[in-house]
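Since the structure comes first, as structure tokens, the remarks are kept for the end.
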Amino acid sequence: MQDLTKFSPRARPQPVIAEGASVIVEPYDGEHHAVELWEGLGGTADAINDLLKYFPNGQFAEPSDFRTWLDTENASGSYVTRVFRAKETGRLVGMASYMRLDEKNGVIEVGAVAHGPAMQRSTMATEVHYLMARHIFDDLGYRRYEWKLNNENEKSHTSARRLGFTYEGVFRNHMVAKGRNRDTAWYAMIDSEWPARKAAFEAFLAPENFTADGRQIRTLAEIREAGAHG
């Protein structure tokens, strides 16, 4: 059994900028980011409300509504939001937030994940989560990194599994969201798993894993599976 008698509370995520090969992860600032982020997530109320269909918040009519929501969540400490900037274009293309911070036990969730059209099915969609997890495990020493989702959200299930989170089950009747019941599926990655997950991320993101025209050679799951078998 692991001895945790000397374990101390972890620090909150720090306002650092993390730069990868394809994307930059920046701390959210409503004044500088909200309108550009709205555009990067779709640019219209219909597009953004569809993208955020499984979020528990209400509908957004315009960028000011969206900013008010994000600013309020960050001011309260419920969210520590990060925005994603594509290095090729310099534009914001998505966001995610550190949530449900439990510094005492070294547990934190990544949620409110929204990948805009420009980053969907791209290397950025993997690299941002590598950078966010690396900050939690390597820089801050957290023990557990969670990914929770509406159990009806098949795309989020797929993303969690692809990124290396382990499925842990469903909390039934967990929430009332947008006037409906939400069963919440739980996934997590823990500190003992992180070294292997990190190595798989880095092998996937390495230039030699891509052809000259940018196509991946091995998937992240294939790399992780190969690592598990030595």
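Applying the salt bridge (charged side-chain N to carboxylate O under 4.0 Å, His left out) test to Arg144 and every residue at least two apart in sequence or in another chain returns Glu146, Glu168. Arg218 pairs by the side chain to side chain donor-acceptor pair (under 3.5 Å) definition with nothing, not counting sequence neighbours. Considering only residues two or more places apart in sequence or on other chains, Arg215 meets the side chain to side chain donor-acceptor pair (under 3.5 Å) condition with Asp213.
Of the possible donor and acceptor atoms, one in the side chain of Tyr142 sits under 3.5 Å from a partner among the backbone N and O of Ala11.
Asp183 CG to Leu149 CG: the interatomic distance, rounded to the nearest 0.5 Å, is 11.0 Å. Rounding to the nearest 0.5 Å places CD of Glu73 at 8.0 Å from CG of Asn57. The CG atom of Leu41 sits 12.0 Å away from the CG atom of Asp50 when rounded to the nearest 0.5 Å. With rounding to the nearest 0.5 angstrom, the NE2 atom of His33 is 7.0 Å from the CD atom of Glu36. Between atom CZ of residue Arg197 and atom CG of residue Asp191 there is a gap of 12.0 Å, rounded to the nearest 0.5 Å. The distance from the CD1 atom of Ile108 to the CG atom of Leu140 is 7.5 Å, given to the nearest 0.5 Å.
Listed here is the closest heavy atom pair of Leu163 and Ala125: CD2-O, 4.5 Å. When all heavy atoms of Lys104 and Phe7 are compared, the closest pair comes out as O-CE2, 3.3 Å. Considering all non-hydrogen atoms of both residues, Val93 and Ala118 come closest at CG1-CB, 3.8 Å. When all heavy atoms are compared, the tightest approach of Pro13 to Ile136 is CG-CD1, 4.2 Å. Contact between Ala200 and Leu220 at its shortest, heavy atoms only, is O-CD1, 3.6 Å. Taking every heavy atom of both residues into account, Arg10 and Gly141 meet most closely at CD-O, 3.0 Å.
Using a 4.5 Å cut-off on side-chain heavy atoms (C-beta onward), Met119 and Val128 make contact. Contact check for Phe137 versus Lys198: no side-chain heavy atoms found under the 4.5 Å cut-off. Side-chain contact between His115 and Lys155 is absent, with no heavy atoms from C-beta onward closer than 4.5 Å. At a threshold of 4.5 Å between non-hydrogen side-chain atoms, the residues Asp139 and Arg134 do not count as touching.
For the side chain to side chain donor-acceptor pair (under 3.5 Å) with Ser156, the lone residue among Tyr54, Trp147, Tyr187 that qualifies is Trp147.
Ring pair Trp38/Phe60 is perpendicular by interplanar angle, where above 60° counts as perpendicular and below 30° as parallel. Using a 30° and 60° split on the angle between ring planes, Phe201 and Tyr130 fall in the tilted class, from 30° to 60°. In this pair, Phe84 and His129 present their aromatic rings perpendicular. The plane angle is above 60°, beyond the 30 to 60° band.
Aromatic ring centres of Phe210 and Phe204 lie closer together than 6.0 Å.
Note on Arg67 versus Asp71: salt bridge recorded, some NZ/NE/NH1/NH2 to OD/OE distance being below 4.0 Å.
One side chain, Asp3 or Thr5, offers a donor N or O that lies under 3.5 Å from an acceptor on the other.
A continuous path of hydrophobic side-chain contacts links Trp69 to Val83 [ILVMFWY only; heavy atoms under 4.5 Å]. A continuous path of hydrophobic side-chain contacts links Leu51 to Tyr28 [ILVMFWY only; heavy atoms under 4.5 Å]. The hydrophobic cluster containing Phe171 does not contain Val107, counting ILVMFWY residues as joined when their side-chain heavy atoms lie under 4.5 angstrom apart, directly or transitively. Met124 and Leu205 fall within the same hydrophobic cluster, defined by Ile, Leu, Val, Met, Phe, Trp and Tyr side-chain heavy atoms under 4.5 Å apart, directly or through other members. Linking ILVMFWY side-chain heavy atoms closer than 4.5 Å, directly or via other members, places Leu131 and Phe165 in a single hydrophobic cluster.
Both the sub-6.0 Å distance and the 45° axial angle are not jointly satisfied by Arg82 relative to the ring of Tyr79.
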Distance-only check: which donor-acceptor pairs under 3.5 Å involve side-chain atoms of residues 172-179, not counting sequence neighbours?
unit_1	atom_1	unit_2	atom_2	d
Asn173	OD1	Asn181	ND2	3.4
His174	ND1	Thr184	OG1	2.7
Lys178	NZ	Leu52	O	3.3
Lys178	NZ	Lys53	O	3.0
Lys178	NZ	Phe55	O	3.1

Could you go through residues 14-24 and list every donor-acceptor pair under 3.5 Å that involves a side-chain atom there, pairing it with any protein atom two or more places apart or in another chain?
unit_1	atom_1	unit_2	atom_2	d
Gln14	NE2	Arg12	O	2.5
Glu19	OE2	Lys87	NZ	2.7
Ser22	OG	Glu127	OE1	2.6

Requested in this report: Check the pair Arg162 / Thr219 against side-chain hydrogen bond (donor to acceptor under 3.5 Å, both in side chains), numbers first and verdict last.
Outcome: CA-CA 9 Å; Arg162 188 182 69 81; Thr219 69; over 6 Å; no
Requested in this report: Would you sort out whether Asn151 and His157 count as a side-chain contact (heavy atoms from CB on, under 4.5 Å), showing the intermediate values?
Outcome: CA-CA 8 Å; Asn151 197 42; His157 276 288; 3.1 Å; yes
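Residue Glu62 places its CD atom among more than 12 non-hydrogen atoms of other residues, nucleotides or ligands, all under 6.0 Å distant.
Applying the salt bridge (Lys or Arg N to Asp or Glu O under 4.0 Å) test to pairs two or more places apart or on separate chains, those with a residue in residues 20-34 are Glu26-Arg85.
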